[in-house]
Amino acid sequence: MRRVTKRLEPEVLKLNCEEWSAIYLADKQNPTKKYRYRHPEIKAALKQETADKCVYCESKIGHNTPGDVEHMTPSSVDASLHFVWSNLTIACTECNRRKNDYFDAQKPFLNPYVDDVEGRLIHLGPLVCWSPGDELAEMTVRILELSEMKREALIARKVEKIEQLNNAVARLRSCNELMRELMAIAIEKMKAVDAEYSGMIRSISATYCI
């Protein structure tokens with residue numbers, strides 16, 4: 001999980017949010033009125049601000065899922081936020097399904113747009129843990145099952161990224177000057193905020209003093 005900056009509201013939502021909300025609140029079960037937040041312009045804007053990644057596990061959207069528009073505060077808790085831009089993000093189907101309609105005002109889910117998620121989560125290889133005593137970070141990790149073998153595909157993909165990093169580090173330390181420069185560039189790209197699982201790569205790179 002990486003910190004995310006909210007971008008400008010897409011024009012289609014800016015123009016229609018109030019009307020769509022009123023119509024939806026009058027008839028919540030009508031799928032045509034309920035799912036207008038899936039508009040291509042809205043989804044494209046969300047993917048752009050998260051660098052085409054799930055806001056929670058950092059899997060690239062499109063790798064094994066088209067991505068789901070996610071309500072950070074569930075509509076079952078506050079229907080008035082159903083089309084509110086600040087409440088929308090994008091998540092992979094696996095994370096979205098696990099988070100579901102979780103909401104607890106006293107124990108809120110970590111919010112990548114607000115919270116210091118990079119300082120509150122700890123990466124132990126492909127597993128995600130939490131700073132000792134940080135109950136909210138622990139709850140978020142447990143609900144998303146970010147370190148559970150139930151998410152075998154996620155962990156397997158993260159192991160592949162670690163292997164790529166380790167190969168680059170080995171070549172960085174043993175090759176000629178040109179190759180070292182190329183490997184240094186490759187590692188920086190893997191650590192960039194828009195790269196898949198870059199939170200993990202950034203953490204592991206720090207242990208290598210890179």
Side-chain angles (χ1 to χ4, degrees), residues 1-18 20-21 24 28 31 33-105 107-121 123 128 130 134 136-146 151 154 157-158 192-200 202:
M1 197 180 294
R2 299 292 301 266
R3 183 69 183 267
V4 181
T5 300
K6 199 67 183 172
R7 298 200 175 191
L8 294 177
E9 183 177 15
E11 196 66 20
V12 66
L13 188 57
K14 186 185 300 184
L15 294 173
N16 294 289
C17 179
E18 187 175 342
W20 287 356
S21 294
Y24 163 69
K28 295 180 184 178
K33 301 170 183 176
K34 182 177 183 179
Y35 296 116
R36 284 171 167 155
Y37 58 77
R38 294 176 177 173
H39 189 285
E41 187 179 331
I42 297 172
K43 191 168 184 179
L46 291 171
K47 290 174 67 177
Q48 185 178 40
E49 75 179 15
T50 65
D52 287 319
K53 295 192 294 184
C54 170
V55 75
Y56 299 125
C57 75
E58 283 200 89
S59 294
K60 280 289 186 181
I61 297 300
H63 185 86
N64 66 342
T65 172
D68 298 332
V69 176
E70 148 82 351
H71 294 84
M72 288 182 283
T73 296
S75 298
S76 59
V77 174
D78 189 346
S80 69
L81 297 177
H82 194 68
F83 294 107
V84 174
W85 177 238
S86 61
N87 191 47
L88 301 178
T89 189
I90 198 157
C92 71
T93 300
E94 291 298 315
C95 284
N96 194 32
R97 178 173 64 82
R98 284 167 169 81
K99 179 174 177 287
N100 197 14
D101 60 353
Y102 174 85
F103 180 82
D104 187 331
K107 293 185 178 180
F109 218 71
L110 286 186
N111 185 336
Y113 293 89
V114 176
D115 298 321
D116 177 23
V117 293
E118 294 165 344
R120 298 174 68 174
L121 299 175
H123 297 271
V128 181
W130 51 88
D134 191 334
L136 304 187
E138 178 182 0
M139 176 271 298
T140 299
V141 170
R142 290 191 183 280
I143 288 177
L144 294 176
E145 299 181 321
L146 294 178
R151 303 205 62 176
L154 170 64
R157 293 200 304 277
K158 293 175 78 172
V193 70
D194 61 345
E196 190 173 39
Y197 312 127
S198 60
M200 174 189 72
R202 177 172 169 266

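Counting begins at 1 with the first residue of the sequence.
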Original post:
Can you check whether Lys60's main-chain N or O pairs, donor with acceptor, with Glu196's side chain at less than 3.5 Å?
Top reply: yes
task: Taking Glu58 for its side chain and Arg2 for its backbone only, find out whether a donor-acceptor pair lies under 3.5 Å.
output: no
For residues 40-51, which side-chain N or O atoms pair as donor and acceptor with protein atoms under 3.5 Å away, sequence neighbours left out?
unit_1: Glu41; atom_1: OE2; unit_2: Glu11; atom_2: N; d: 3.2
unit_1: Glu41; atom_1: OE2; unit_2: Val12; atom_2: N; d: 3.3
unit_1: Lys43; atom_1: NZ; unit_2: Pro66; atom_2: O; d: 3.4
unit_1: Lys43; atom_1: NZ; unit_2: Gly67; atom_2: O; d: 2.9
unit_1: Glu49; atom_1: OE1; unit_2: Arg7; atom_2: N; d: 3.0
unit_1: Glu49; atom_1: OE2; unit_2: Lys6; atom_2: NZ; d: 2.9
unit_1: Glu49; atom_1: OE2; unit_2: Tyr113; atom_2: OH; d: 2.5
unit_1: Thr50; atom_1: OG1; unit_2: Leu46; atom_2: O; d: 3.2
unit_1: Thr50; atom_1: OG1; unit_2: Lys47; atom_2: O; d: 3.4
unit_1: Thr50; atom_1: OG1; unit_2: Lys53; atom_2: O; d: 3.0

Applying salt bridge (Lys or Arg N to Asp or Glu O under 4.0 Å) to Arg98 and not counting sequence neighbours gives Glu94, Glu145
inquiry  = Using the rule given for side chain to side chain contact (heavy atoms under 4.5 Å, CB included), can you reason through Glu18 versus Phe83, listing the C-alpha separation, both sets of side-chain angles and the distance that settles it, and then say yes or no?
reply    = CA-CA 8 Å; Glu18 187 175 342; Phe83 294 107; over 6 Å; no
Residue set satisfying side chain to side chain contact (heavy atoms under 4.5 Å, CB included) with Ser86, at least two apart, ordered chain then number -> Val84
Scanning both residues in full, the closest heavy-atom pair of Ala91 with Cys54 reads CA-SG, 3.7 Å
Here the salt bridge (Lys or Arg N to Asp or Glu O under 4.0 Å) pairs for residues 81-90, sequence neighbours left out, are none
When rounded to the nearest 0.5 Å, the distance separating OG of Ser76 from NZ of Lys28 is 9.5 Å
The side chain to side chain contact (heavy atoms under 4.5 Å, CB included) partners of Val114 (sequence neighbours excluded) come to Asn111
Of all heavy-atom pairs linking Leu110 and Ala137, the shortest is CD1-CA, 3.8 Å
**Asked** Should Leu121 and Leu146 count as side-chain neighbours, where that means a heavy-atom distance under 4.5 Å?
**Response** no
Below 4.5 Å, heavy atoms only, C-beta onward: do Lys99 and Tyr56 meet side chain to side chain? yes
Ser80 meets the side chain to side chain contact (heavy atoms under 4.5 Å, CB included) criterion, sequence neighbours left out, with Asp78
Trp130 meets the ring pair (Phe, Tyr, Trp, His ring centres under 6.0 Å) criterion, sequence neighbours left out, with none
Residue set satisfying salt bridge (Lys or Arg N to Asp or Glu O under 4.0 Å) with Asp52, at least two apart, ordered chain then number -> none
In short, Thr140 meets Met1 closest at the heavy-atom pair CG2-CE, 4.1 Å
With sequence neighbours left out, the residues meeting salt bridge (Lys or Arg N to Asp or Glu O under 4.0 Å) with Arg3 are none
Output field: ring centroids Phe109/Phe103 closer than 6.0 Å | no
### Task
Give a yes or no on whether the backbone of His82 and the side-chain of His71 come within a donor-acceptor separation of less than 3.5 Å.
yes
What one should report as the nearest heavy-atom pair of Tyr102 and Pro74 is O-CG, 3.5 Å
Residues passing the side-chain hydrogen bond (donor to acceptor under 3.5 Å, both in side chains) test with Glu138, sequence neighbours excluded, are Arg142
Nearest heavy-atom contact between Leu144 and Arg151 is O-NH1, 3.1 Å
Contacts of Tyr35 meeting side chain to side chain contact (heavy atoms under 4.5 Å, CB included) (sequence neighbours excluded), chain-then-number -> Pro31, Tyr37, Arg38
Closest non-hydrogen contact found for Arg157 with Ser59 is NH2-OG, 2.9 Å
Q: Kindly indicate whether a cation-pi arrangement holds for Lys34 with Tyr24, taking the cut-offs as under 6.0 Å to the six-membered ring centre and within 45° of the axis.
A: no
Residues passing the side-chain hydrogen bond (donor to acceptor under 3.5 Å, both in side chains) test with Arg202, sequence neighbours excluded, are none
- prompt: Is there a side-chain contact between Ile90 and Asn96 (heavy atoms, below 4.5 Å)?
  reply: no
